[in-house]
Protein chains: 2
Amino acid sequence: MKITSRSKESTWALIHSVSDAFSGWLLMLLIGLLAGSLAGLIDISAHWMTDLKEGVCLAGFWFNHEHCCWKSNTTFTDRDKCPEWKSWSQLIIGHGEGAFAYILNYFMYVMWALLFSLLAVLLVKGFAPYACGSGIPEIKTILSGFIIRGYLGKWTLIIKTITLVLAVSSGLSLGKEGPLVHVACCCGNILCHLFTKYRKNEAKRREVLSAAAAAGVSVAFGAPIGGVLFSLEEVSYYFPLKTLWRSFFAALVAAFTLRSINPFGNSRLVLFYVEFHMPWHLLELIPFILLGIFGGLWGAFFIRSNIAWCRRRKTTKLGKYPVLEVFVVTAITAVLAFPNEYTRMSTSELISELFNDCGILDSSKLCEYVNDFNSTKGDDLPDRAAGPGVYTAMWQLALALIMKVFITIFTFGMKVPSGLFIPSMAVGAIVGRLLGVGMEQLAFYHHDWVIFSGWCSQGADCITPGLYAMVGAAACLGGVTRMTVSLVVIMFELTGGLEYIVPLMAAAMTSKWVADAIGREGIYDAHIRLNGYPFLEAKEEFSHKTLAMDVMRPRRNDPPLTVITQDSMTVEDVEAIINETTYSGYPVVVSRESQRLVGFVLRRDLIISIENARKKQDGIVSTSIIYFTDHSPPLPPSSPSMLKLRSILDLSPFTVTDQTPMEIVVDIFRKLGLRQCLVTHNGKLLGIITKKDVLKHIAQLANQDPDSILFN
Amino acid sequence: MKITSRSKESTWALIHSVSDAFSGWLLMLLIGLLAGSLAGLIDISAHWMTDLKEGVCLAGFWFNHEHCCWKSNTTFTDRDKCPEWKSWSQLIIGHGEGAFAYILNYFMYVMWALLFSLLAVLLVKGFAPYACGSGIPEIKTILSGFIIRGYLGKWTLIIKTITLVLAVSSGLSLGKEGPLVHVACCCGNILCHLFTKYRKNEAKRREVLSAAAAAGVSVAFGAPIGGVLFSLEEVSYYFPLKTLWRSFFAALVAAFTLRSINPFGNSRLVLFYVEFHMPWHLLELIPFILLGIFGGLWGAFFIRSNIAWCRRRKTTKLGKYPVLEVFVVTAITAVLAFPNEYTRMSTSELISELFNDCGILDSSKLCEYVNDFNSTKGDDLPDRAAGPGVYTAMWQLALALIMKVFITIFTFGMKVPSGLFIPSMAVGAIVGRLLGVGMEQLAFYHHDWVIFSGWCSQGADCITPGLYAMVGAAACLGGVTRMTVSLVVIMFELTGGLEYIVPLMAAAMTSKWVADAIGREGIYDAHIRLNGYPFLEAKEEFSHKTLAMDVMRPRRNDPPLTVITQDSMTVEDVEAIINETTYSGYPVVVSRESQRLVGFVLRRDLIISIENARKKQDGIVSTSIIYFTDHSPPLPPSSPSMLKLRSILDLSPFTVTDQTPMEIVVDIFRKLGLRQCLVTHNGKLLGIITKKDVLKHIAQLANQDPDSILFN
């Protein structure tokens with residue numbers, strides 16, 4: 001009998017544990033599928049709407065330029081021109097030549113851009129204010145244990161998805177990568193509600209969100225491993241190994257789903273596939289490090305200017321007119337962007353073109369070299385003299401660079417969904433390509449210089465400008481976000497270039513060092529601080545010699561700590577404490593004299609319990625004794641009935657002694673995700689340290705204004 | 001004045017912080033350089049000595065076979081035969097043909113193998129007993145906070161490096177990957193002594209060891225990112241983000257150093273570079289998952305058999321004759337290996353050949369297909385009928401598989417350095433190649449079957465047997481080690497095949513699930529448990545409902561906890577406690593009656609302090625009062641002088657309440673790396689929980705023998 005029941009029990013336990021483990025994987029699968037599908041949808045819509053700014057397809061208005069021309073039977077080399085695709089001037093005035101047609105196209109371009117961006121900002125403002133920005137600072141804060149209600153809800157998901165498409169299509173200087181992380185996290189949060197295990201357990205839900213963030217980056221770049229590392233390095237606060245494995249699964253499913261949808265029509269997982277023919281030379285590390293320095297400087301400059309501008313938006317009247325702001329920025333962007341072909345094309349197309357190594361058949365202006373077919377053998381093109389096209393391209397790229405550098409500062413932080421990855425990479429890629437072409441021409445004209453001897457003789461293909469663009473992009477992205485390993489992995493997953501880890505690493509490292517020397521915080525941390533989120537940075541070491549007693553409240557001259565005794569206070573007394581103070585919880589002690597700690601009770605629980613008891617429990621009056629002990633205290637029989645509240649008492653509050661170094665206290669807060677911790681001395685309760693106290697203390701020691709650490 | 005001193009101070013602080021940060025990076029650089037150089041040295045020596053078993057170079061005995069034939073001017077296609085390279089029979093009897101020459105070569109092969117392996121085991125036995133095995137279980141344990149003196153010392157480093165070369169050269173079924181991690185960790189530990197910061201701080205040293213482990217895997221496979229992830233996933237216990245970044249740097253420097261040494265003579269960073277021409281088809285996931293199932297089964301089978309054998313070695317007389325054991329296993333291995341060319345070659349060469357996709361010019365037996373040059377276009381070879389060479393190779397591979405499967409069980413755990421990666425991968429690669437060739441022939445002969453229609457028509461190149469070998473290798477490695485993300489990353493860094501993440505992932509995942517279903521532990525955890533190291537697994541969730549009071553000592557009927565009072569015990573009393581008990585530390589309380597906790601004092605510190613005081617301090621006798629308070633307690637003037645020991649008192653011991661769920665206690669032990677934790681109730685000290693108690697409790701709940709958790 002016992003054996004049967006035991007085996008029944010164990011079968012049941014087995015089924016339970018299998019379904020338990022299974023639900024986690026199922027959830028990951030669903031997150032991957034949903035995130036991948038949404039990303040595909042966003043890609044396709046944004047592509048179509050971006051092209052809509054320039055013209056429309058007669059074969060069906062829902063085709064984008066490329067698809068439209070696939071339908072037609074023209075040759076493939078001239079894929080941009082096909083009879084079915086009409087620019088707006090062709091559609092309206094019947095031809096595309098001449099100044100009037102140009103102005104008409106220009107006008108239509110700006111109008112569409114304004115329409116898209118205004119629609120985006122109005123939707124965000126009207127339906128889901130949380131849908132703006134990149135979302136990564138907030139997700140970091142949420143994963144560190146803070147709750148922002150509705151930030152990952154279904155309205156945010158719907159509106160963010162729609163407005164992201166609008167914002168990207170409007171041609172503003174922003175990317176879709178950060179917002180995609182937010183979208184994926186919304187998916188994760190919503191799907192959690194399907195499973196009891198995750199709906200009820202906040203810690204487990206945070207692990208799911210970490211995995212969802214990985215899936216988001218995975219679909220943003222087609223980089224599943226990079227996504228997992230990004231989540232680990234940049235987003236997550238606590239990343240257990242089980243999450244690593246599940247994140248990878250979610251990221252892979254998402255990437256695979258996206259590939260099946262195939263929004264780019266090339267069935268490649270990677271966004272900017274490159275194939276370089278030549279290995280790099282050790283001496284090239286010098287320009288790569290120079291790119292790293294530029295990346296670091298640009299990153300630091302960008303963060304400072306952007307934070308200054310965002311602070312101005314918060315503190316002046318500017319913040320009251322978000323729609324006007326978006327209108328003005330979009331108008332300026334569109335007006336400046338149209339005349340220059342490198343800003344008119346979408347930023348990811350620009351990056352793709354900059355990363356590209358010129359082949360023989362490439363018809364782009366960047367590849368207009370003086371061909372010397374005698375020295376060409378096979379696929380390998382030797383370094384050649386730049387033709388007039390390259391010089392024109394250089395000028396246009398320089399102008400594009402200046403525009404991007406400035407406009408991005410004003411764009412990031414507006415009330416539309418906006419990511420930073422793509423604009424940062426574009427800035428770096430332009431600088432890299434400029435430097436790369438410069439190096440190439442230098443090597444071509446001066447191949448007799450000592451530094452070029454040996455590896456760059458005449459007729460050799462020794463400099464690959466596309467590689468410089470790639471390294472530059474990594475450097476700038478690193479300067480802004482301060483990512484390290486995940487950056488390198490994302491870059492080489494993006495481009496498929498495993499052989500270029502060392503150049504990427506050199507640039508990323510230089511960039512991080514330079515940027516860190518100027519300002520310690522990456523853009524996300526800076527925005528967290530700007531918004532005053534209670535985020536306890538896990539990367540910095542706390543190296544001061546203060547003790548818990550220096551940080552705890554009450555301070556030396558303050559009134560003593562507000563406590564509740566376990567069996568001697570009346571309902572009235574407790575209600576008085578609740579009304580007089582605003583603390584979110586109170587320690588419960590054996591008696592005021594002994595100050596021996598019993599537990600911790602939350603203000604919210606206390607209020608609800610007393611209210612309920614007064615309503616439903618007979619005989620509970622203001623003079624009723626509240627007790628937290630197991631058994632009711634002995635009282636005279638005449639006294640009113642007592643209220644037992646042991647069930648709401650947290651019997652295992654965290655304690656440290658007053659002599660504990662703050663280094664250890666900070667460590668405990670970080671690793672265990674605490675909100676408060678009680679301080680004792682020789683077994684007696686002495687005070688309390690909350691997360692806010694810790695944050696204030698850290699800010700104080702860093703000579704910052706401690707009062708900026710408040711959520712507002 | 002004040003300003004000057006302040007600016008001086010801040011300059012000093014700046015210099016200090018720069019040199020502080022710099023020392024960390026310098027240390028990483030040194031570790032990378034040293035680990036890379038040692039790996040290069042090991043590679044070159046092992047290569048040379050492996051070839052020495054078959055013959056010698058007349059142009060210079062220090063050349064290996066390949067280098068020897070480079071010197072000669074023969075054509076490149078027949079690189080194996082050159083006049084300078086003489087097999088032993090050629091050298092001794094003047095020719096290499098006939099039965100006698102074969103037997104002579106056979107004999108020499110076995111003799112060299114025995115010589116190498118005996119030398120290895122004698123060196124390990126005589127000079128550094130810790131140099132045996134792979135070292136990863138011990139490093140995991142050390143990183144979890146346990147100290148094994150001398151395990152990472154210079155003798156271990158020297159002997160392990162030498163014996164690793166010998167063991168690999170002897171042709172035993174073992175790899176150099178695990179031991180290289182140990183070698184790198186030794187480098188890290190030794191180099192730590194150069195920097196005060198790391199010499200003195202154990203926690204910081206552990207971070208350095210994590211980075212060194214990453215460098216070790218990085219040079220073992222030429223996979224820097226995989227190395228970092230391996231360290232994160234498999235080896236490290238606590239992996240802060242700063243370590244991630246530094247690990248990556250160390251891993252990259254190490255890989256770059258190794259590449260500069262260029263031991264394989266192909267200037268590739270990756271060990272088994274592959275280039276497959278065809279993408280995989282979705283239906284191929286079925287065989288890939290089959291390979292995953294095989295990998296899981298083999299992993300579980302291997303772990304069970306190996307642990308059973310190792311337990312027998314520990315418990316029976318077998319363990320007393322390590323030299324004999326190595327002799328017998330080497331003899332059997334060498335005798336069985338020589339006749340079969342796939343076991344005679346080194347295991348990494350075998351894997352490399354199995355991963356290879358057959359080109360037109362490949363002359364290996366595995367590529368002896370029936371050529372139909374009419375249907376060949378360019379580089380793409382269509383699926384072809386297998387020739388007789390392929391069938392012979394299949395048989396030989398099957399025999400090699402059986403031999404490797406069994407001999408590896410007995411090899412891993414012998415008293416020589418031995419890694420598991422390469423043998424596991426070899427087993428998987430053989431099975432994968434067999435399945436791949438089978439699939440290929442199936443597709444060739446039955447391309448009209450429904451499952452092949454569409455993607456495998458006649459004359460198409462649709463099955464790549466090399467890819468199957470790669471997937472099989474990943475599956476088996478995953479089954480044995482239970483690695484996940486790091487496995488996939490290592491595999492694709494090893495082979496450069498970014499497009500094959502999904503097949504690798506599918507196989508790795510199936511393999512892990514299947515293996516986990518049979519036995520929860522990977523090989524390293526199994527060896528940790530076998531050796532009884534006090535290792536608190538961080539991957540498993542603790543999901544039982546027990547409380548701290550169920551685990552703490554003293555138990556209900558035990559005598560009360562041994563405590564020391566803060567100001568009332570004499571030297572005699574304390575010495576009596578020290579002699580009567582074996583605990584490594586004692587709680588200090590205000591008084592026996594109040595049991596209010598003051599701090600924790602270590603046994604070692606107590607003994608040393610009392611001894612010192614008795615020797616050097618006048619008036620300290622057996623009746624002297626020991627006090628831990630700030631001020632001495634009031635005592636009659638006639639009493640002997642007192643001993644103040646506040647300086648050795650840890651004033652911030654960790655406490656939890658008796659009602660704390662064990663789930664949280666386990667979490668605290670893991671995350672904060674505690675060795676013990678005190679238990680209180682209402683502010684009174686009640687008991688203590690040590691790491692060993694936690695481990696025993698976990699073992700008990702898992703129905704295991706709790707007494708196996710002891711270090712022996």
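To find a chain, count down the sequence lines: A is the first, B the second, and so on, and within it residues start at 1. Please read all numbers here as calculations on a predicted model, not as lab measurements.
A:Ala548 approaches A:Val665 most closely through the heavy-atom pair CB-CG2, 4.2 Å. Of all non-hydrogen atoms in B:Ile668 and B:Val656, the two that sit nearest each other are CD1-CG1, 4.0 Å. Between A:Phe669 and A:Ile689, the shortest heavy-atom distance links the atoms CZ-O, 3.5 Å.
B:Phe249 touches chain A through backbone and side chain together, each having a heavy atom under 4.5 Å away. Contacts of B:Gln566 with chain A are made by side-chain atoms alone, with heavy-atom separations under 4.5 Å and no backbone atom involved. In this structure, chain A has no heavy atom under 4.5 Å from any part of B:Leu547. Interface remark: B:Leu678 contributes no atoms to any contact with chain A (heavy atom separation under 4.5 Å). Both the backbone and the side chain of A:Thr484 have a heavy atom closer than 4.5 Å to some heavy atom of chain B. Heavy atoms closer than 4.5 Å to chain A are found in the side chain of B:Ile664, but not in its backbone. For B:Val488, the part sitting under 4.5 Å from any heavy atom of chain A is the side chain, from C-beta outward, and nothing else.
Counting only N and O atoms by type, the side chains of A:Ser594 and A:Ser591 include a donor and acceptor under 3.5 Å apart. Side-chain contact check for B:Ser231 and B:Ser247: no donor-acceptor pair (N or O, by modelled atom type) lies under 3.5 Å. Neither side chain, A:Ser486 nor A:Glu234, offers a donor N or O lying under 3.5 Å from an acceptor on the other. Defined by atom type and a distance below 3.5 Å, a donor-acceptor pair is missing between the side-chain atoms of B:Gln659 and A:Ser652.
Note: A:Leu252 leads A:Leu252, A:Thr655, A:Val589 in heavy-atom pairs under 4.5 Å with chain B. Between chain B and the options A:Thr660, A:Leu232, A:Val588, A:Val485, heavy-atom pairs under 4.5 Å are most frequent for A:Val485.
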